[in-house]
Amino acid sequence: MAPPAPTPTPAPQPRVQLSKITLTRAAPTVSLAKGGDTGTMRVNLNWTRGRRGLFGGNGAIDLDLACLYQLNDGSKGVVQALGNAFGDLHYPPYISLDGDDRSGLNAGGENLHINLAHLADFKRILIFAYIYDGTPNWSAADGVVTLYPPHGPEVEVRLDSPDNRARSCAIALLKNERNELTVTREVRYINGTQSDISKAYRWGLKWTAGRK
């Protein structure tokens, strides 16, 4: 009696390597770094460049990237160019802003850096953008925020569904949940300034006028 034919071995399935995750209304949340990740995550804001008067008037674009932060020790505040509140990567709040692109002509846009070695110190971070000068025109700006974790695919949040009456846009909410960082798409346009964003998300900050 002939021996039974060997069972064919299934061919190995190729692994899918994601290079980018785009957060949408249907799929708004992704989990990123867990405790022990000692890298730095870059958060980049870029928008349509080279169009003078894009936000009205004769000036160039001045769209600013910023964030509200709340640490687990109860401290909270803002990282932004306004008032030279550029933060610090190695000391609280462990978040820094690398500069202020007042024209939109910088190909690198604007960048926040978040020190994930201090993930346990974070409670929540709200990434937002605001129009410092000029008439709001989010439609023409075509902005996009991209998060570059030290490991894994980049995460993109497009500033779609624009509301051209608004001066600010809450873009993404980062939360430390059991020492794991989650990112949730917000894209919530707010007809007001930083104080109105703070109020909408119950940050409890007091604000004074500032300049840059």
Side-chain angles (χ1 to χ4, degrees), residues 20-25 27-33 39-47 62-71 75-83 85-89 92-101 104 108-116 118-119 121-132 138 141-150 152-163 166-177 180-190 192-203 205 207:
K20 181 171 66 176
I21 296 172
T22 300
L23 299 184
T24 63
R25 288 183 181 179
T29 302
V30 66
S31 178
L32 294 182
T40 298
M41 179 167 67
R42 180 168 64 96
V43 181
N44 173 260
L45 168 67
N46 229 319
W47 65 95
D62 195 1
L63 182 62
D64 285 353
L65 177 66
C67 76
L68 297 174
Y69 65 84
Q70 183 176 5
L71 303 183
S75 59
K76 51 184 132 177
V78 63
V79 175
Q80 60 177 6
L82 193 64
F86 287 97
D88 195 298
L89 193 61
Y94 309 112
I95 306 168
S96 66
L97 178 67
D98 64 2
D100 178 20
D101 178 14
E110 293 192 3
N111 298 276
L112 284 163
H113 301 272
I114 301 173
N115 188 344
L116 296 181
H118 292 274
L119 175 60
D121 292 291
F122 295 119
K123 183 174 183 179
R124 57 176 180 157
I125 303 168
L126 180 68
I127 307 296
F128 68 93
Y130 62 97
I131 297 168
Y132 177 72
W138 298 96
D142 192 25
V144 59
V145 163
T146 308
L147 289 73
Y148 296 91
E154 60 194 62
V155 178
E156 178 185 86
V157 182
R158 301 202 68 86
L159 277 61
D160 51 15
S161 307
D163 180 353
R167 295 203 68 83
S168 307
C169 180
I171 299 168
L173 183 62
L174 285 60
K175 287 185 177 181
N176 180 354
E177 299 182 336
E180 184 169 339
L181 188 67
T182 62
V183 182
T184 299
R185 173 191 183 274
E186 294 290 318
V187 191
R188 179 179 175 184
Y189 293 91
I190 295 174
T193 60
Q194 291 90 326
S195 61
D196 297 287
I197 297 173
S198 174
K199 186 182 299 182
Y201 284 85
R202 299 182 180 179
W203 227 269
L205 294 175
W207 297 85

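- Considering only residues two or more places apart in sequence or on other chains, Arg158 meets the side-chain contact (heavy atoms from CB on, under 4.5 Å) condition with Asp142, Val144, Glu156.
- Contacts of Asp121 classified as salt bridge (Lys or Arg N to Asp or Glu O under 4.0 Å), with partners at least two apart in sequence or in another chain: none.
- When the side-chain hydrogen bond (donor to acceptor under 3.5 Å, both in side chains) test is applied to Arg202, no partner is found at least two apart in sequence or on another chain.
- With sequence neighbours left out, the side-chain hydrogen bond (donor to acceptor under 3.5 Å, both in side chains) criterion links Asp163 to Arg165.
- Under the side-chain contact (heavy atoms from CB on, under 4.5 Å) criterion, Ser198 pairs with Leu68, Trp203, Leu205, Trp207, sequence neighbours left out.
- Residues meeting the salt bridge (Lys or Arg N to Asp or Glu O under 4.0 Å) test with Arg188, sequence neighbours left out: none.
- Two residues are said to be in side-chain contact when any heavy atoms from C-beta on lie closer than 4.5 Å; Pro149 and Arg42 fail this criterion.
- Put simply, the side chain of His113 does not reach to within 4.5 Å of the side chain of Met41, judged on heavy atoms.
- Remark: Lys199 engages no residue in a side-chain contact (heavy atoms from CB on, under 4.5 Å) (not counting sequence neighbours).
- Contact between Phe122 and Pro93 at its shortest, heavy atoms only, is CE2-O, 3.2 Å.
- Here Tyr189 pairs with Trp138 under the ring-ring contact (aromatic ring centres under 6.0 Å, His included) rule; sequence neighbours left out.
- The side-chain hydrogen bond (donor to acceptor under 3.5 Å, both in side chains) test applied to Tyr201 returns Glu186, not counting sequence neighbours.
- Every side-chain contact (heavy atoms from CB on, under 4.5 Å) that Asp196 has, sequence neighbours left out, goes to Ile190, Thr193.
- Looking at heavy atoms from C-beta onward, Leu112 lies in side-chain contact with Leu65 at the 4.5 angstrom threshold.
- Between the Asn115 side chain and the Thr40 main chain, no donor and acceptor come within less than 3.5 Å of each other.
- Partners of Thr24 according to the side-chain hydrogen bond (donor to acceptor under 3.5 Å, both in side chains) rule, which considers only residues two or more places apart in sequence or in another chain, do not exist here.
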